[in-house]
Amino acid sequence: GIGQLESGREGYRRQRQFQTVGALTLRHNNHTLGFGVDYRRITAVRRDATGTLAIIADQLSDLAGSRNEWVGTTKPVSQTAQVQELSTWVQDTWQPAARLTIAAGLRWEFSPAPVPPTAVYFYDPVAQQLNSVTGQPLWPTSYHDFAPRLSLAWRLSKDARTVLRAGGGRYYDSSLSIATDILNGGPLNVEQFRSNSHAPFSSQLAYGFMPGLALPQVAQWNVALERGLTAHDVVSLGYVGSAGRGLIRREFGTPADNNFTSFTALTNNDGASDYDSLQVQYRRRLQGGLELGAAYTWSHSLDNDSSDSF
């Protein structure tokens, strides 16, 4: 395609963030206990004094007529979207033996959904249609988003030159990517698209949300064998993997009863990803506090979202 031609001032776009973190550490015998809290307030701001007009075409010849163009329009916007995220955690670093250290932790994530100040579209999977809804949170508030983590370091040799490290845990992604869709009117910052590709009927593209959205989850794990060749040289061989589930995805489709002239891009949790890698690393400590490093990573990644245009 040739991209898009736009007319109109984009306006004022900002993102503000306030964050405060508190932590407490206690030591008792061979245990080191850690407690903490993390609060973030993220505010996305969009203020467009005028509307915008965008024309998208697959090739230059499509600009000669309006049949194969998609015309996107936005109205003036003066709106903010605010997300509040609270996390608390507890961790115990335990050394049951001189050559073994185990760290276990649990993190709790709380992210209440913002309520859009204006009406937004929610998809009704039973009626297969978009409904304009006012005063409904973008996702149901969850109180059970717990993220456990576990790791260990085991010195296999008495000279401490050979160390086995392993760990894994669950992580939750920020909800900001969901909340900003109410500002942008969709991932392309356009309130609606229209096209005459199905003339004499006018085609329209709208954006909406699936009900029951949740925070995306990612599980990560790793294992590495580290060997000190000399007092200054270290080489390591490791495996790193991850699996993302419930990731944010925008799917393009059309309800079954509208003669294929009305299209919908829905924000949902159908995204998924898998990642596996083999990593080799070499480090050498030099004089003067310098360190020389070289690394190679062979990786394989699969997902169902990165190639989507939305």
Side-chain angles (χ1 to χ4, degrees), residues 19-40 85-110 143-174 215-245 273-301:
Q19 182 173 15
T20 179
V21 180
L24 174 66
T25 301
L26 301 175
R27 291 181 175 85
H28 178 70
N29 296 331
N30 55 352
H31 290 268
T32 300
L33 299 175
F35 306 87
V37 60
D38 182 358
Y39 171 77
R40 289 195 303 169
E85 299 176 335
L86 175 66
S87 304
T88 61
W89 74 86
V90 58
Q91 178 176 302
D92 181 16
T93 302
W94 175 40
Q95 193 170 9
R99 291 157 54 182
L100 178 62
T101 301
I102 300 174
L106 182 65
R107 188 180 181 99
W108 177 64
E109 304 279 2
F110 177 66
Y143 298 91
H144 55 266
D145 291 337
F146 292 96
R149 289 96 187 264
L150 180 66
S151 64
L152 64 87
W154 182 18
R155 297 199 301 269
L156 301 179
S157 59
K158 293 183 179 180
D159 60 4
R161 287 191 175 184
T162 304
V163 181
L164 177 66
R165 305 180 189 274
R170 176 189 296 172
Y171 301 84
Y172 287 92
D173 196 6
S174 173
L215 294 184
Q217 300 183 32
V218 179
Q220 298 181 353
W221 56 91
N222 64 84
V223 60
L225 184 63
E226 187 176 283
R227 174 66 179 176
L229 303 178
T230 68
H232 303 283
D233 300 87
V234 178
V235 64
S236 65
L237 175 65
Y239 163 77
V240 176
S242 69
R245 297 295 181 266
S273 66
D274 291 281
Y275 175 83
D276 298 278
S277 70
L278 181 66
Q279 302 181 1
V280 181
Q281 187 180 80
Y282 168 77
R283 302 191 307 274
R284 178 178 175 83
R285 289 195 300 271
L286 305 176
Q287 293 181 352
L290 298 178
E291 183 175 273
L292 175 67
Y296 176 79
T297 300
W298 178 88
S299 63
H300 179 253
S301 178

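Just the heavy atoms: all of them, side chains too, but no hydrogens, waters or symmetry mates, feed the values below.
Scanning all heavy atoms of the two residues, the minimum distance from Tyr172 to Asp145 falls at OH-CA, 3.5 Å. For the pair Ser174 and Glu85, the tightest heavy-atom approach, listed with the atom from each and the gap, is OG-OE2, 2.8 Å. The minimum heavy-atom distance linking Trp89 with Val37 is given by the pair CZ3-N, 3.5 Å. Shown here for Tyr143 and Phe146, the closest heavy-atom pair between the two residues is O-CE1, 4.0 Å. Residues Ala160 and Val163 share a closest heavy-atom pair of O-CG2, 3.9 Å. Of all heavy-atom pairs spanning Pro96 and Asn30, the tightest one is CA-ND2, 4.1 Å.
In this structure, Leu225 CG and Arg165 CZ are separated by 10.5 Å, a value rounded to the nearest 0.5 Å. Residue Asn29 holds its CG atom at 12.0 Å from CD of Gln95, rounded to the nearest 0.5 Å. One distance of note links OG of Ser301 with CG of Asp274; it measures 8.0 Å at 0.5 Å rounding. Expressed to the nearest 0.5 Å, how far CH2 of Trp108 lies from OG1 of Thr88 amounts to 6.0 Å. Separation of atoms NE2 (His232) and CG (Leu292) is listed at 13.5 Å; rounding is to 0.5 Å. Here the OH atom belonging to Tyr296 is positioned 11.5 Å from the CD atom belonging to Gln279, to the nearest 0.5 angstrom.
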### Query
What do the steps show when you test Asp276 against His300 for side-chain hydrogen bond (donor to acceptor under 3.5 Å, both in side chains), and what is the final call?
CA-CA 5 Å; Asp276 298 278; His300 179 253; 5.0 Å; no

### Task
Give the C-alpha distance, both sets of side-chain angles, the deciding distance and a yes or no for salt bridge (charged side-chain N to carboxylate O under 4.0 Å, His left out) between Glu226 and Arg283.
CA-CA 11 Å; Glu226 187 176 283; Arg283 302 191 307 274; 3.7 Å; yes

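Cation-pi check for Arg107 over Tyr171 is not met; the charged atom does not lie both under 6.0 angstrom from the ring centroid and within 45 degrees of its normal.
More than 12 heavy atoms of other residues, nucleotides or ligands sit less than 6.0 Å from atom NE2 of His31.
Residues Thr32 and Thr25 meet the side-chain proximity criterion, which asks for heavy atoms closer than 4.5 Å. Looking only at side-chain heavy atoms (C-beta outward), Val223 and Leu164 come within less than 4.5 Å of each other. Under the 4.5 Å side-chain criterion, counting only non-hydrogen atoms from C-beta, Val235 is in contact with Leu229. Side-chain contact between Leu237 and Leu278: present, with at least one pair of heavy atoms (C-beta onward) separated by less than 4.5 Å.
Arg245 places a side-chain N or O within 3.5 Å of a backbone atom of Ser273 that can act as its donor or acceptor partner. Using a distance-only test at 3.5 Å, with no hydrogens or angles considered, no donor-acceptor pair links the side chain of Thr101 to the main chain of Ala153. Ser277 contributes no side-chain N or O that, together with a main-chain N or O of Thr297, makes up a donor-acceptor pair within less than 3.5 Å.
Screening Arg285, Arg284, Arg227 for a side-chain hydrogen bond (donor to acceptor under 3.5 Å, both in side chains) involving Asp233 leaves a single residue, Arg284.
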